[in-house]
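For reference, the structure is listed below as structure tokens.
Reckoned from all heavy atoms, side chains included, excluding hydrogens, waters and symmetry mates.
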Amino acid sequence: AIAASTLLRGRVRTVHLLFAAFAADIGLWYLSQSLFGFFRAEIWERFTAILAVLLPQLALQLFESMIPHEPGRRSRLVKLAGVLVLPMALLVIGLQESSIVRIGLMIYVFALLSSGLFTLGQRGEQSSSRATQRRVRFLVLVGALACLGSLAEYASFLVPDLPPVGAAFSI
């Protein structure tokens with residue numbers, strides 16, 4: 001709903017498209033988790049894992065578009081994430097049932113999102129606009145809370161008795 005709302009507002013810029021893609025990824029991730037819980041079909045588990053691999057990719061692109069670098073230049077973090085996406089996707093498609101792969105996926109998502117938020121915060125503080133500084137500070141704080149919520153949500157997959165409270169925080 002958030003993705004569709006963003007795209008229906010009128011003049012859509014790149015940052016809006018990336019935000020819509022990021023919101024859609026999160027929404028589909030929760031939907032696929034629910035479908036996996038209901039049907040227990042392996043396809044939904046794999047779909048959830050692929051969406052998790054895409055999550056930091058979309059987040060980093062979104063953060064990059066909020067406060068862009070020099071034109072035509074990408075940050076090292078976005079380049080690193082681009083190098084990691086294919087191996088991670090192949091790992092989760094091929095070996096999803098492995099606990100090591102699940103933990104690796106959790107580290108991959110958390111490390112890239114945390115690094116992206118840190119980088120966004122640093123670039124926001126360097127902005128000459130006080131409004132941009134405040135906006136970025138708010139986004140980093142809320143993003144960090146959502147990151148921790150997602151980490152708690154993912155931990156409920158690793159420890160089945162843990163209540164899935166992370167969804168409330170990550171949304």
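To the nearest 0.5 Å, atom CG of residue L60 and atom CZ of residue R74 are 10.0 Å apart. Between atom CZ of residue R123 and atom CD of residue E64 there is a gap of 5.0 Å, rounded to the nearest 0.5 Å. In this structure, CG on L139 lies 8.5 Å from CD1 on I67, to the nearest 0.5 angstrom.
Judged as a salt bridge (Lys or Arg N to Asp or Glu O under 4.0 Å), the pairs with a partner in residues 17-43 (not counting sequence neighbours) are, in order, E42-R46.
A continuous path of hydrophobic side-chain contacts links L31 to L54 [ILVMFWY only; heavy atoms under 4.5 Å]. L80 and L55 fall within the same hydrophobic cluster, defined by Ile, Leu, Val, Met, Phe, Trp and Tyr side-chain heavy atoms under 4.5 Å apart, directly or through other members. Both F39 and I50 are assigned to one and the same hydrophobic cluster, defined by single-linkage of ILVMFWY side chains at heavy-atom distances under 4.5 Å. Both V101 and I93 are part of a single hydrophobic cluster, where members link through side-chain heavy atoms under 4.5 Å apart.
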Report all side-chain donor-acceptor pairs from residues 128-136 shorter than 3.5 Å, counting only partners two or more places apart or in another chain.
unit_1, atom_1, unit_2, atom_2, d
S129, OG, A131, N, 3.4
S129, OG, T132, N, 3.2
S129, OG, T132, OG1, 3.3
Q133, NE2, E125, O, 3.3
Q133, NE2, S127, O, 2.7

Indicate every side-chain donor-acceptor pair of residues 5-22 with a distance under 3.5 Å to a residue at least two apart or in another chain.
unit_1, atom_1, unit_2, atom_2, d
T6, OG1, I2, O, 2.9
H16, ND1, R13, N, 3.0

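Here the closest heavy-atom approach between residue L113 and residue A59 is recorded as CD2-CB, 3.3 Å. For A23 against A3, the heavy-atom pair with the smallest separation is CB-N, 4.1 Å.
Here S32 pairs with W44, F47, T48, L51 under the side chain to side chain contact (heavy atoms under 4.5 Å, CB included) rule; sequence neighbours left out. In this view, Y108 and V53, P56, Q57, L84, V85, M88, L105, L112 satisfy the side chain to side chain contact (heavy atoms under 4.5 Å, CB included) rule, not counting sequence neighbours.
Cluster partners of L90, by chain and number: L86. The rule joins Ile, Leu, Val, Met, Phe, Trp and Tyr whenever side-chain heavy atoms lie under 4.5 Å apart.
Residue I43 places its CD1 atom among 12 or fewer non-hydrogen atoms of other residues, nucleotides or ligands, all under 6.0 Å distant.
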